[in-house]
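Please read the structure below before turning to the comments.
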Amino acid sequence: MIEPLIYDISSPGRRAVRFPEPDVPTSDLPKDMLRDDLPLPEVPELEVIRHFTRLSQLNHSIQTGFYPLGSCTMKYNPVINEDTSRLPGFTQVHPLQPEETVQGSLMLMYLLQDWLAEIGGFAGVTLQPAAGAQGELAGVLIVKAYHDDRGDTKRKKILIPDSAHGTNPATSSMSGYEVVELPSDERGNVDLEALRSECDETLAGLMFTNPNTLGLFEEHVLEVVDLVHEAGGLVYGDGANMNALLGIARPGDLGFDILHYNLHKTFTTPHGGGGPGSGPVGVAEHLVDFLPGPIVEVVEEAEAEDDMPVFGLVTPEKTMGRLKAFHGHFGMHVRAFTYILMNGGPGLRKVSEYAVLNANYLKELIKGTYVLPYDRTCMHEFVVEGRLGDIHALDVSKRLMDFGFHPPTNYFPLIVREALMIEPTETETKETLDAFVDAMLQIAKEAKEDPDILHEAPHNTPFGRLDEVNAARNLVLCCEWPGNTRKAGEKS
Ligand SMILES: *Cc1c(COP(=O)(O)O)cnc(C)c1O
């Protein structure tokens, strides 16, 4: 059944709110602000609540079921994050307030910068970027600013492994660099020979994901970093996979010059439709002056031992520029701060240990049935081939929805045929993991015995299989309601 629009359940005169009689003099609104053509739905409160609750249940969410969407780290977002981010001291401030009136917020940002620097092994962190992709843009512009500052203008290319996320080449070419793709070897590592042959005086840097998107720790990471450095390039780390490394390995210690963190992946701030992301960037000592500003620093040390220092917003000397209005997504900073504080150092290490354990547990139980092209101990995720006879990864994914599971990431990374990229995260129980394995094995059985079940899946969801190509080609982003002069499908 198609859920009715809120306008369809509207009936004249019904209402959810009754405002009290005003206790201040009324005054007319300016005429040009008033519209007659704005028919609002008229619905009682209970129907509003039911309508939106039903709508919310049409989507899968981490609150309703397992969500092994590889590379996205769909872990549970603790409710306490929501409590702290709603504290009036954080919600009732404005970024244009004088700094002395927002010392608490600045201190939180300062500590978060400091903790992320500690977790990643870096000398400085900016909290500005709005998401991982914008963190990448900041990072690659820092690479550019660094070379330009040294008058080293012949560096034109950025190397990117073929397993990388699509945002990496997009970022590099947006920053004006030529992208050179590096192949992976038969163990899923960057091909060292290919890397060597590209390490020359035109190399600006390498964008490097470790563990990579196959969920594999790069076995030659130190050699890769050395080769790039010897050629005068910088190593940018895509930190989307930090969930495998917390408290175990620090990219800064491995020689990475720059790294973005995805607070909405590793550090439990809401994700996708759930809210804005946040992609802080950490850099090594030689790059702190290039960070986008402002960042928070102690501008006046505390005088007595139990006094507070004074925090202030500072723009680094050779900054690559401003990236975002004000100070980034502050609400996400509060949530990530809370998460780190609640776990502490040892707790964060446990997060990664369990994330890796869960992924290996699933991998071992699934790999006999689905082809595992790189059969090594994985980190927090792994990639299998979703092809079973004439059954495709898409069919497997659609059928998983009938079992109440969100599908894994499909068709990425591109170097695995019919890829299914599975990331369980640390927050799932053994029972959930076992139920997922049962579903995957059941689907493989159906592929042999009754493949039409798979071709026609999903069967239990509010909508069946959508014509995704048609939906993408003929976007319908508005619908008809009273007073809307635009027809469904019409472009704005
Ligand atoms: C998610 C992801 C990104 C991009 O991060 P966003 O926060 O979605 O912009 C980059 N690289 C990898 C490997 C990712 O998984």
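Just so you know, ligand 1 is whichever comes first in the structure, and atom 1 is the first atom listed for that ligand. The chain is numbered in sequence order, starting from 1.
- Counting heavy-atom neighbours within 6.0 Å of Y354 OH, excluding the residue itself, gives a total of 12 or less.
- When each of V356, L245, N241, T377 is paired with F217, the side-chain contact (heavy atoms from CB on, under 4.5 Å) condition holds for L245 and for no other.
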Under 3.5 Å, sequence neighbours excluded: what are the donor-acceptor pairs made by side chains of residues 58-65?
| residue | atom | partner | partner atom | Å |
| --- | --- | --- | --- | --- |
| H60 | NE2 | G65 | O | 3.4 |
| H60 | NE2 | F66 | O | 3.0 |
| S61 | OG | Q63 | N | 3.2 |
| S61 | OG | T64 | N | 3.3 |
| S61 | OG | T64 | OG1 | 3.3 |
| T64 | OG1 | S61 | N | 3.0 |
| T64 | OG1 | S61 | O | 2.9 |

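- Taking R399 as the reference, D402, E446 meet the salt bridge (Lys or Arg N to Asp or Glu O under 4.0 Å) condition, with sequence neighbours excluded.
- Aromatic rings from F90 and F330 are positioned such that their centres are separated by under 6.0 Å.
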Please tabulate, for side-chain N and O atoms in residues 332-342, each donor-acceptor pair with protein atoms closer than 3.5 Å (sequence neighbours left out).
| residue | atom | partner | partner atom | Å |
| --- | --- | --- | --- | --- |
| H333 | NE2 | L127 | O | 3.2 |
| R335 | NE | E82 | OE1 | 3.4 |
| R335 | NE | E82 | OE2 | 2.9 |
| R335 | NH1 | G331 | O | 3.1 |
| R335 | NH2 | E82 | OE1 | 2.9 |
| R335 | NH2 | S85 | OG | 3.3 |
| T338 | OG1 | T84 | OG1 | 2.7 |
| T338 | OG1 | V334 | O | 2.7 |
| Y339 | OH | K75 | NZ | 3.1 |

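- Protein residues lining ligand 1, listed by chain and number: S71, A131, G132, A133, E136, H165, T167, D238, A240, N262, H264, K265 [non-hydrogen atoms, distance under 4.0 Å].
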